[in-house]
Structures are given as structure tokens and as C-alpha cells.
Number of protein chains: 2
Amino acid sequence: MPPDSVSRFRRFARAVTTEVGALDQSFLGRGRPLGAARVLNAIGQGTGDVAEIRAYLRLDSGLMSRLLRGLEGEGLIEMQPHPEDARRRIAALTPAGRREFDAYETLSNDRARALLARHPDPEALLAAMDMVATALSPDSVRLSESDPRSPEARYCLGEYYAELARRFDTGFDVSLSRDPEAGDMVRPRGSFLLAQSDGLPLGCVGLKGQGGAVAEVKRLWVSPSARGLGLARRLMAAVESVAQDLGIATLRLDTNSALPEAVALYRRSGWHEIPRFNDDPYPDIFFEKSL
Amino acid sequence: MPPDSVSRFRRFARAVTTEVGALDQSFLGRGRPLGAARVLNAIGQGTGDVAEIRAYLRLDSGLMSRLLRGLEGEGLIEMQPHPEDARRRIAALTPAGRREFDAYETLSNDRARALLARHPDPEALLAAMDMVATALSPDSVRLSESDPRSPEARYCLGEYYAELARRFDTGFDVSLSRDPEAGDMVRPRGSFLLAQSDGLPLGCVGLKGQGGAVAEVKRLWVSPSARGLGLARRLMAAVESVAQDLGIATLRLDTNSALPEAVALYRRSGWHEIPRFNDDPYPDIFFEKSL
DNA sequence: CATGGTATCTGACTTTAGTCAGACACTTCC
DNA sequence: GGAAGTGTCTGACTAAAGTCAGATACCATG
């Protein structure tokens, strides 16, 4: 059989099924059935809201109730009433529960580290995993406003600069570009938007304002593992809507013809070319859009 | 939290766990417990040898026996004695079993197709999946002798030519190169080795002989998704051992300095450079090794 | 404040998965 | 040919997972 798409996909499915099964096995080593371990993990990760966990793990209410009682009996969790709705309940880890949760985390993390360590090119493997994870859960990409100095934002900007350096024949040196002050990309003057899927930053865009009716769109970047999903378009639409919110009438941006996808996107979405409006050495095309 | 390696890995793990779970759910739709469905699928895929299936699915002999009886009772399989060992048994699908097996296959395949279809770049996604699958099961790469005209071999050669075309500034045209007759790479004159993991071809190498004491190593290729795992070295070691088997005393090969990894590998493994021994336009370095 | 809807709990189940010891027929090796 | 080992089957279990029909307490609405 030649390796057609479907059988390649299914080889992948077999490999990950084995891996997932092996992780489950290792979870059993802590003397607790898998169902209880999963609930404990969900509580440690998230809100502890019983209904939410139940929806996430797709558990019957009866089963859920019993599993919670089991964990409570072990002294790992404590149940509290929901502050706004006395029918609901919130589970919280006790110190012992936190220790047990950490032990499960360690199992997962060690497995991850071991697998990455024995691979010749961990960064390439992670990039592949990012792409697969994004493809498997494409609906989960969420946009949010963020401080441009947050770790996630810094990560995106770092990737953005690295990509510019690769794309420009002359390389790219941040210090030569007019690096906007982070304060210009924070409300009320501007904003900074992040696209994230399950915690992983996949893209960003900045809105740099000076308090006037004109602002600049900067730092539009989408991770290679998430390209083609329309994320850039979503980011641009979101940043325009934030700009309107801030009372901005005109948006500008500069870009480079070495980034043809970006240029095409701007043209498609109502931007028109204008003459150079700064003396930054890197851009060679300039756009404007009235809101 | 910045996206460190481990949390990227674990995002991937969450995404595939969800996907695996969803596929299991869809399998349940056929009114048969998962255990029985898995056994039926294993029988449809492979040999039907009970011991083999039991090892693959890690099932207790008692459980296995009951699951088989259940499938037999449904009229989906028939048990036959093993021709060489009367203790062992072989399971074979009945026509009804084949239909049921196909229904499960369709569920999996449709899922795969749907996911690939909604992705903007299916080939990139598949390459990522290949890399992940190979990383998750690195021990499973098996070398085997194959006909160079088999579909798997053709696939490898096609990838090999495409890669040469990318790597050479001048491009690469197979017809200009001295394309060996497939017959020269078949025993007794030569051989062709494939590296495969779970059915997916990951690499190849050819041994081209003319019946004399000198033969040529050709077409060494390793898939990008499996590089760095020492596969090229394994292929070269295997081809040398086949050559000894065939009574060949001296091996030669030609290559190009645009492929520095290959050149380094040859130097590391006991080959020494010799003068040009053909007038093929592409190679510019020539090696020899005595066995 | 009555009504319908919601979140969780309880008890009484069934099904599935997994374990273990022993039986049996066969193979392998001395 | 006998001893040790192997592959499968059987019966008797346990544990885990999942289902379902109330019960109970609470919320939202008119």
C-alpha cells in the first residue's frame, strides 16, 4: 500500500493512542482508579466548579457525585458552596490534594521531558505537535487583550522578530526599527491582542496610539503552526473593533513587500495604500483605513 | 505562563486525548463494547493469529478467549487451527465480519478525511503527524528488502528526486542521471532496502550490482520526519551486510557536496574519497569502501 | 408564592474490563 | 518417552464504569 493521506493519518492515530494508553497506565500506579485521577486533575487545573468538570469529562451526575465523595473521603478535596448559586458546588484541593495533584503532574511532565529529550530536534517536534494540536481543536483559538509585556506577548514578539530576520535579505535588527513603547499599546492609548489556543500563544497584533484620532497597527504575527486558519483576519477585525471603541477614526500601518501574504490581506480587507509616513528603514509599503 | 516545551507537549496531549476519546465514542455507536470492536479491528488488519492480537492489545488470555467467543457468536469471525501448531488458533472474518470491520474502517477514515479536508495545508499537517508518530514510536522502524518497483519504494524514490531538485541550485532531472535499471537492484545482482514504521516508508537505499565484485550504493534517502534517528547509518550498515552476502568485495558511491550530511556520514563510517568514476552530471564527490 | 427548571445526591442496578488458578492439549527438548 | 513449557479455554471472582429513576434543595419567573 502506498502511504496515502488516510493511512498516514491513521498511523499517527495508532501511535498517539498507544502513548495516551501508556500515560493512563502510569496514572494507575498511584493506587486510584482512572476516573478519580481524572477528576482530581480537572480540579487542580481549572475552576473546581462541579458542573464544568462534569461537562469537560462527560460524566454522569451520579458517577461524578460518587467520585467527588471518594476524593473527599481521601482528604484530597473540600467541597464549598457556590457563592452565587447555592445549588452548585465548588471543589478545592486540600494541601494533601495539592501534593497528590502535583504527583500526577510530575508523571505527565516527566513523560513529556523524556520524549523531548530523546528526540534529535525537539523544537521541530514541538512545532509539529503545535500544528497537530491546533488542527485537532481549531475552534478553540481565543482572542484576548493582554499587556504587551506579558510572557505570552513577549513570546509572540520574539517569534515575530525572528521571522522578520529570516524573511528580510538584510536581516532585521529590532533596535533599528521604531520599537513602540509598550505604554503606547495599552489602554487607553492603544491595545495589544493575543490569539491563544489552550494557553499556547498563536498570534498577536498591536494597536499603537498617542491619544489622537489616528493610530497605528503594529506587530501582526501568526504562528506557522496556525497559518491558513484565518487567524490574521480575525486579529485584524478585532483590532479594528478595539480602535473604534477607543474613538480612533483612522488606522495606519507599515509593512514590507517581502511579506506578500500580509499585503494581500490588507488589500482584501479594505485598506488602501498611502505614501510613506515614517522613516523606518524596514517598511516599504504603507496602508491606511478609515473606520 | 510562557509556552515552555513541557506545556506545549501537554497541550498536544490534551488535544489528541480528546480526539482519541471521540473516536472511541463513535466506535461504541455500533452497539458493541470497545474491547470487542478492538479485537475485530485487529483481526481485520492483521494475521488473525490469536497470540499476536493478544500481545498487541495486551489482553489477558481469559478475556481474549471470551471476546473471541462473543464475536464468533455474532457470526463475525470463524476460528481455525494454526497449520503448524495445533495449540494456536487463527481468527478469520466471515463475510458479515468483513462488512462490520469495513464499517469501523469507514468511521476512522471519514474522521481522518474530515480533519484533513478542513485544514488549509494537509500535506504540512501530515508531515507533522509523521514526525510525531515517528517520535512516539522510534523503536518501530524496521528495515526490509523490497522490490524497487513496489509502491513503497516508488514513494521513497519520488521523495528522493523531489528533494534533490530542491537542494541542487540547478534542479534535478532524473532522465539526465544514470537511472539504474530496477533489475540491477534486485537479487542476485543487487538489492533494495526500505525502512518502514508501521507501514509508512521512512527511508531507502539501493545496491546496484552487475554480477561482479564491485557494486554501487545508490538512492540513500531518509524522510525529513525521521532524520536524526540514525536511520541513514542503519540503512548503510544493512546494505553493506547485504553486499557481503552477495559476495561483493568493493562498494562505491557518488554523491554531491550539496548534501553535506550524507558526505559526513560516509566519512564517519569508513568510506574514503576516490576520483570520479562516472560521467553523471550531478555528483561531484566519489567514495569507495572495501568490505 | 406557586410553577417549572436546574444542580446535585442517593440507591439500585447493569455492563465492561480485568484477574487468577487450574484444566487441557499440544510442542520442544533432553 | 518423559519433563518442562506453551497457547488456549473455563469458571469464579473483583473492580470500575456507566445508567436510571427518584429525592432534595435551590433558582427564576410570572
Side-chain angles (χ1 to χ4, degrees), chain A residues 17 20-43 46-74 77-92, chain B residues 17 20-22 24-43 46-74 76-92:
Chain A
T17 301
V20 166
L23 185 61
D24 283 355
Q25 275 305 109
S26 80
F27 272 19
L28 284 177
R30 298 200 64 76
R32 194 171 290 108
L34 218 51
R38 269 200 262 269
V39 171
L40 184 66
N41 273 290
I43 294 170
T47 62
D49 184 300
V50 171
E52 242 170 71
I53 298 170
R54 212 155 73 67
Y56 174 61
L57 298 176
R58 311 246 164 93
L59 291 176
D60 173 85
S61 67
L63 184 49
M64 181 74 188
S65 177
R66 267 177 278 270
L67 289 172
L68 286 174
R69 191 129 38 82
L71 291 170
E72 211 175 0
E74 282 192 85
I77 61 170
E78 274 170 346
M79 303 304 297
Q80 299 151 2
H82 192 286
E84 283 160 24
D85 183 341
R87 290 170 305 181
R88 311 185 76 166
R89 304 223 291 153
I90 307 278
Chain B
T17 302
V20 165
D24 283 355
Q25 274 307 107
S26 81
F27 271 20
L28 284 176
R30 298 199 64 76
R32 196 170 290 108
L34 221 49
R38 270 200 260 269
V39 171
L40 184 67
N41 272 290
I43 295 170
T47 61
D49 185 301
V50 171
E52 243 170 71
I53 298 170
R54 213 154 72 66
Y56 176 60
L57 299 176
R58 312 245 164 96
L59 291 176
D60 173 85
S61 69
L63 183 49
M64 181 74 187
S65 178
R66 268 178 277 270
L67 290 172
L68 285 173
R69 191 126 39 81
L71 292 170
E72 209 174 3
E74 282 191 85
L76 301 178
I77 62 169
E78 275 170 348
M79 302 305 296
Q80 298 153 3
H82 191 286
E84 284 162 23
D85 183 340
R87 291 169 305 179
R88 313 184 74 164
R89 303 225 289 156
I90 307 276

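In what follows, chains are A, B, ... by sequence order, proteins preceding strands, each numbered from 1. This is a predicted model, so every value here is computed, not measured.
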Assess the residue pair A:M64 and A:V39 against the criterion (side-chain contact (heavy atoms from CB on, under 4.5 Å)); give the C-alpha distance rounded to whole Å, side-chain angles, the decisive distance to 0.1 Å, and a yes or no. CA-CA 8 Å; A:M64 181 74 188; A:V39 171; 4.2 Å; yes
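- Taking CD of B:Q25 as the reference point, atom CZ of A:R58 lies at 7.5 Å (rounded to 0.5 Å).
- Among all heavy-atom pairs drawn from A:P81 and A:I90, the shortest one is O-CG1, 4.3 Å.
- What you find for B:L71 and B:L40 is that their closest heavy atoms are CD1-N, 4.0 Å.
- Of all heavy-atom pairs spanning A:R54 and A:S61, the tightest one is NH1-N, 3.4 Å.
- Taken from OG in B:S65 to CZ in B:R89, the straight-line distance is 7.5 Å, to the nearest 0.5 Å.
- Across residues 56-70 of chain B, B:S61, B:G62, B:S65, B:R66, B:R69 each have a non-hydrogen atom less than 4.0 Å from an atom of DNA chain D (numbered order).
- Between atom CZ of residue B:R69 and atom CD1 of residue B:I77 there is a gap of 11.0 Å, rounded to the nearest 0.5 Å.
- Counting 5' to 3', DNA chain D first comes under 4.0 angstrom of a heavy atom of chain B and last does so at the ends given by D:dG5 to D:dA12.
- Rounding to the nearest 0.5 angstrom, the gap separating the NE2 atom in A:H82 from the CG atom in A:D49 is 5.0 Å.
- Residues of residues 76-87 of chain B that place a heavy atom closer than 4.0 Å to DNA chain D, in numerical order, are B:R87.
- The CZ atom of B:R32 sits 11.5 Å away from atom CG of B:L67, with the distance rounded to the nearest 0.5 Å.
- Taking all atoms of both residues into account, the shortest heavy-atom contact from B:I53 to B:A42 is CG2-CB, 3.8 Å.
- The distance from atom CZ of B:F27 to atom P of C:dA17 is 14 Å, rounded to the nearest whole Å.
- For the atom pair CZ of A:R38 and CG of A:D24, the computed distance is 5.5 Å after rounding to the nearest 0.5 Å.
- Contact check of residues 28-43 of chain B against DNA chain C (heavy atom, cut-off under 4.0 Å) returns B:P33, B:L34, B:G35.
- With sequence neighbours excluded, no residue forms a side chain to side chain donor-acceptor pair (under 3.5 Å) with A:D60.
- Remark: C1' of C:dG18 and CG of A:D24 are 15 Å apart, rounded to the nearest angstrom.
- Summary for the helix from C:dC1-D:dG30 to C:dC30-D:dG1: the axes at its two ends, each from 5 pairs, differ by 30° when rounded to the nearest 10 degrees.
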